[in-house]
Amino acid sequence: MHALQMSGISKRFPGVTALDSVDLDLARGEVVALVGENGAGKSTLMKILAGIHQPDSGMIRINGEPVVLRSPRESARHGIGIIHQELEVIDSLDIAGNVFLGREPTRGPLRFIDRRRIDAETVAVLARLNLRLSPRTLVRQLPTAHQQMVEIARAISLNAGILIMDEPTSSLTLTETEQLFRVVKDLRAEGVSIIYISHRLSEVQELADRVVVLRDGKNAGTLERDQIRHNQMVQLMVGRDLNSFYTPRQSSATASCESVCFEVKEMRTRRYPNSGVSLAVRRGEILGLAGLVGAGRSELVAAIFGVELPLSGTVHIDGTAVEIQSPRDAIHRGIYLIPEDRRSFGLITAMTVRENITLPALERYSFAGFIQESAEEVVAVKMCTELKIKTPSTGVTASNLSGGNQQKVVLAKWLSLKPKVILFDEPTRGIDVGAKAEIYHLMRHLADQGVAILMVSSDMEEILGNSDRVAVMHEGRISGVLDRAQCTQEAIMRLAVA
């Protein structure tokens, strides 16, 4: 008997068919990877299983019994837990409050919340994830990776029979990812059925017993364990062969990488006040910045961009020191940041694509203090065309775009301003394989045009595939810089834990 059967599931929204007679089944103690490009229908299918959406047609059976899931509460009552791709934590609560939100155990006739039990059970589930954190720590004080682990802890604490993991490692380090893999394998051994959604196909190869591929809202194929290969998955997902996932540097661009375009000297941040960072990025070069979460990489790019003022240090453009006291100063100098959390810090999701693209330089599109929408539209259409942003029009709100297209909008607003330096912080977090390839090609195209790129990434494949050189951070300092010929996963990890 299957733990889950979803048969002929269809769902339509105004103007679009999100799912067209999709089938998905799951045995007890099985890990099924659900893969596909953004917009393929994965999230809609999982929202139906989570009780957020109801299907227009089709049948859902749990343990052989037909069910109707009218709400998330009803889904949870049937033993379904979900780890969302976008963080769903409440940062004003502590860890324990998030883990047990909405199902707090009580004690006594007056049903006071049993805080002691909540703390004890939270510590136990955190231990499964090898996290030594106080259950009373406010979530807002945690880095993004640990907030993701809190979300995972909450799902595991439900003791669900069916667990949906939607991009669970998107913010995790290699060490934390390996710990999560151990937890997944333990849960499988205990009979928990897992739907694992990830754009990191190496994870799918390691964990999945089967792979179900969606494309354009339909079943595109299924791969059994002995058939799971990177190229096979990619072909089913995109309907074509990605001949070159990473774009090599143009030979004609190599000469332009001789001179240093961008340099940071002895920059100290509040997180690591006793460690100064110095690094240089050549014109037309992609310098990868690797390291474990907490090494200080995101703090460094925030300081460079003026989001947080450093304790000391200088930024140099073409050999000249420049003063950066705010993001406005950085933008004026041609330094732009693609932040790790695009939804919170890269976009105003309630605004349109056009408004987001033109926001950093509204004075260019204004006359007598009034914004000229026609001037905005010309630039927005041009950037959407050049970056292949999939949107019905530039008037669509950014929240309605897929993750990959949202990231392209963040890029579009900077590319319209002719950048000298771009700081990429986790550039493809939560983006599908096809959009990743497009982002990588765009990064290389920018480098070939002479832009200096500093790329922070926790994805080892991304670092190795895109970087011309790799600088590795450990506890707020650069522990080493590797030329491309020296770059291996082992060499980077040795420096990351030095």
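In this text, all values refer to a predicted model and were calculated from it rather than measured experimentally. Just so it is clear, the values below take in all heavy atoms, side chains as well, and ignore hydrogens, waters and symmetry mates.
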Between [X] and [Y], is any side-chain donor less than 3.5 angstrom from a side-chain acceptor?
X      : Y      : value
Thr428 : Glu462 : yes
Ser10  : Asp56  : no
Glu426 : Ser458 : yes
Glu475 : Ser275 : no

Between [Y] and [X], does any NZ, NE, NH1 or NH2 come within less than 4.0 Å of an OD or OE carboxylate oxygen?
X      : Y      : result
Asp94  : Arg140 : no
Arg282 : Asp468 : no
Arg270 : Glu308 : no

Say whether, by atom type as modelled, one donor and one acceptor occur between the side chain of [X] and the main chain of [Y] under 3.5 angstrom.
X      : Y      : value
Lys413 : Gly346 : yes
Glu206 : Glu203 : no
Arg268 : Pro310 : no
Gln407 : Pro427 : yes
Ser278 : Glu266 : yes
Asp459 : Glu461 : yes
Thr397 : Met351 : no
Lys420 : Arg333 : no
Asn356 : Ile348 : yes
Gln54  : Leu69  : yes

(Q) Atom CG of residue position Asp91 - does it have more than 12 heavy atoms of other residues, nucleotides or ligands inside 6.0 Å? (A) yes
Q. CD1/Ile324 to NE2/His332 distance, rounded to the nearest 0.5 angstrom?
A. 11.0 Å
Q | Reported CZ-to-CG distance for the pair Arg200 and Leu207, which is rounded to 0.5 angstrom | A | 12.5 Å
Q.
As a test of understanding, state which of Val451, Ile335, Val281 forms a side-chain contact (heavy atoms from CB on, under 4.5 Å) with Val421.
A. Ile335
Q) Looking at side-chain heavy atoms only, is the closest gap between Leu223 and Met233 below 4.5 Å? A) yes
Q: Kindly indicate whether a cation-pi arrangement holds for Lys436 with Tyr440, taking the cut-offs as under 6.0 Å to the six-membered ring centre and within 45° of the axis.
A: no
Q.
Can you confirm if the aromatic rings of His53 and Phe13 lie within a centre distance of less than 6.0 Å?
A. yes
Testing the basics here: between [X] and [Y], what is the closest heavy-atom pair and its distance to 0.1 Å?
X      : Y      : value
Asn98  : Arg154 : O-CD, 3.0 Å
Val35  : Lys42  : C-CD, 3.6 Å
Met473 : Leu300 : SD-CD2, 4.1 Å
Ile492 : Val472 : O-CG1, 3.8 Å
Cys487 : Val470 : SG-CG2, 3.5 Å
Glu323 : Asp329 : O-CB, 3.8 Å

Q | Inter- and intrachain pairs under side-chain hydrogen bond (donor to acceptor under 3.5 Å, both in side chains), touching residues 379-395, at least two apart | A | Glu377-Thr394, Lys382-Glu386
Q. What do the steps show when you test Arg364 against Leu417 for side chain to side chain contact (heavy atoms under 4.5 Å, CB included), and what is the final call?
A. CA-CA 10 Å; Arg364 295 188 178 190; Leu417 301 180; 3.6 Å; yes
Q: Indicate the ring-plane relationship of Trp414 and Tyr336, choosing parallel, tilted or perpendicular according to the 30° and 60° boundaries.
A: parallel
